[in-house]
Q: 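Pasting a structure below so you can have a look.
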Amino acid sequence: LIAQEVDFAGSVTPFSTADIKLHGDLQNLPTVATAVTVVYNLPTLHNSSSSVLLNATVLPLIFTGNITWWNNSMIQALNPDKEMPRIRIRPIVHGASSGTAALFTTALSSMHSYFQDTVGASELPAWPAFPTRIDSPKDPGQIISLHANEGSITW
């Protein structure tokens, strides 16, 4: 739309206020609500009666490499009915521009100031380097990587 190659388009993220001011008659028309869900690969907990709980403190710290084990005391405290396994957490991220990455990093940025200061909200996040991070091709590659790596987590 901005390049004036089409008359109508859809996107996961809306136009910014700056884009609307700069390009005149752009309009954001909400047509669909979308959700970004966190998924993980912990085979030892597949028979569990409930999901692993992660909160607004823990999740941003996982995706910045500050919490690196599933049995971390903060995660265990959120899941007292489970014996969390001593398995490394392997956050899966991708380096391609993506609307879902923008939604996910916006949420994590709103949850924790450390994430906001380190990564921030972006369609193309600058993920910090840490040894357990897995870099993956865009969205479909994340799920393939999730299935292939025990202890992994992604959106």
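Just so it is clear, the model here is predicted, and its values are computed rather than measured. We count residues from 1, following the sequence as given.
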Q: Carefully, step by step, assess Ile67 and Leu59 under the rule side chain to side chain contact (heavy atoms under 4.5 Å, CB included).
A: CA-CA 9 Å; Ile67 294 178; Leu59 198 56; over 6 Å; no

Q: Testing the basics here: between Pro43 and Glu150, what is the closest heavy-atom pair and its distance to 0.1 Å?
A: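 That closest heavy-atom pairing would be CD-CG, 3.7 Å.
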
Q: Taking the side chain as everything from C-beta on, heavy atoms only, tell me whether Ile87 gets closer than 4.5 Å to Trp69.
A: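 They are not in side-chain contact.
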
Q: Quick one: does any side-chain atom of Gln142 pair with a main-chain N or O of His94 as donor and acceptor, under 3.5 Å?
A: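 No: the side chain of Gln142 does not pair with the backbone of His94.
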
Q: Given side chains that start at C-beta, do those of Ile89 and Asn72 come closer than 4.5 Å, heavy atoms only?
A: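 With C-beta onward as the side chain, the pair stays apart.
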
Q: Does any non-hydrogen side-chain atom of Leu42 lie less than 4.5 Å from one of Pro85?
A: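 The answer is yes, as the side chains (C-beta and beyond) meet within the 4.5 Å cut-off.
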
Q: Side-chain contact, heavy-atom cut-off 4.5 Å: Val119 with Trp127?
A: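 The answer is yes, as the side chains (C-beta and beyond) meet within the 4.5 Å cut-off.
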
Q: Write down the atom of Ser152, the atom of Ser145, and the distance for their closest heavy-atom approach.
A: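 Looks like OG-O, 4.1 Å.
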
Q: Would a distance-only check, ignoring hydrogens and angles, find a side-chain to backbone donor-acceptor pair under 3.5 Å from Arg133 to Gly65?
A: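 Here the side-chain-to-backbone pair does not exist.
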
Q: Give a yes or no answer on whether the side chain of Thr105 reaches the backbone of Ala121 with a donor-acceptor pair at less than 3.5 Å.
A: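 No; zero donor-acceptor contacts below 3.5 Å.
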
Q: How long is the span from the CD atom in Glu83 to the CG atom in Leu45, to the nearest 0.5 Å?
A: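 With rounding to 0.5 Å, CD (Glu83) is 9.5 Å from CG (Leu45).
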
Q: Using 0.5 Å steps for rounding, measure from the CG atom of Leu108 to the CZ atom of Phe115.
A: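 So the CG of Leu108 and the CZ of Phe115 are separated by 4.5 Å.
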
Q: Between the side chain of Ser136 and the main-chain N/O of Gly141, is any donor-acceptor distance below 3.5 Å?
A: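 Looks like yes, one N/O pair under 3.5 Å.
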
Q: So is Arg88 actually on top of Trp70's ring, under 6.0 Å and inside 45° of the axis?
A: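 Relative to the ring axis of Trp70, which defines the angle, Arg88 lies outside at least one limit.
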
Q: Does any non-hydrogen side-chain atom of Thr68 lie less than 4.5 Å from one of Phe130?
A: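 Sidechains of Thr68 and Phe130: no contact.
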
Q: Let me check something: do Leu103 and Val93 share a hydrophobic cluster, defined by ILVMFWY side-chain heavy atoms less than 4.5 Å apart, either directly or through other members?
A: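 In one cluster: yes.
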
Q: Give the cluster check for Met74 versus Leu53: same hydrophobic cluster or not, with ILVMFWY residues linked at side-chain heavy-atom distances below 4.5 Å.
A: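 Yes: a chain of side-chain contacts under 4.5 Å links Met74 to Leu53.
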
Q: Show the nearest heavy-atom pair for residues Ile62 and Pro91, with the distance to one decimal.
A: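 Heavy atoms only, the tightest pair is O-CG, 3.4 Å.
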
Q: Rounded to the nearest 0.5 Å, how far does CG of Leu78 lie from CE of Met84?
A: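 Met84 CE to Leu78 CG: 9.5 Å, rounded to 0.5 Å.
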
Q: Could you tell me the separation between the CD1 atom of Ile153 and the OG1 atom of Thr132, rounded to the nearest 0.5 Å?
A: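 Ile153 atom CD1 to Thr132 atom OG1 measures 11.0 Å (nearest 0.5 Å).
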
Q: Provide the closest heavy-atom pair for Ser110 versus Ala107 in the form atom of the first, atom of the second, distance.
A: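 Nearest pair, atom of Ser110 first, then Ala107: OG-O, 2.7 Å.
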
Q: Under a 3.5 Å threshold, yes or no: a donor from one side chain and an acceptor from the other, between Ser98 and Glu123?
A: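 Side chains of Ser98 and Glu123: no pair found under 3.5 Å.
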
Q: Report yes if some heavy atom in the side chain of Met111 is under 4.5 Å from a heavy atom in the side chain of Thr57; otherwise report no.
A: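 No, every pair of side-chain atoms sits at 4.5 Å or beyond.
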
Q: What are the two closest non-hydrogen atoms of Tyr114 and Asn66, and how far apart are they?
A: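 Here Tyr114 and Asn66 meet closest at CE2-ND2, 3.0 Å.
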
Q: When rounded to the nearest 0.5 angstrom, what is the spacing between CD1 in Ile143 and CD1 in Ile92?
A: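 Rounded to the nearest 0.5 Å, the CD1-CD1 separation comes to 7.5 Å.
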
Q: Can you tell if the side chain of Asn41 reaches within under 4.5 Å of the side chain of Asn149, non-hydrogen atoms only?
A: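 Not in contact.
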
Q: Using the rule given for side chain to side chain contact (heavy atoms under 4.5 Å, CB included), can you reason through Thr154 versus Val39, listing the C-alpha separation, both sets of side-chain angles and the distance that settles it, and then say yes or no?
A: CA-CA 6 Å; Thr154 195; Val39 292; 3.8 Å; yes

Q: If I take atom OG from residue Ser122 and atom CZ from residue Phe104, how far apart are they, to the nearest 0.5 angstrom?
A: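 Output value for this atom pair is 13.5 Å.
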
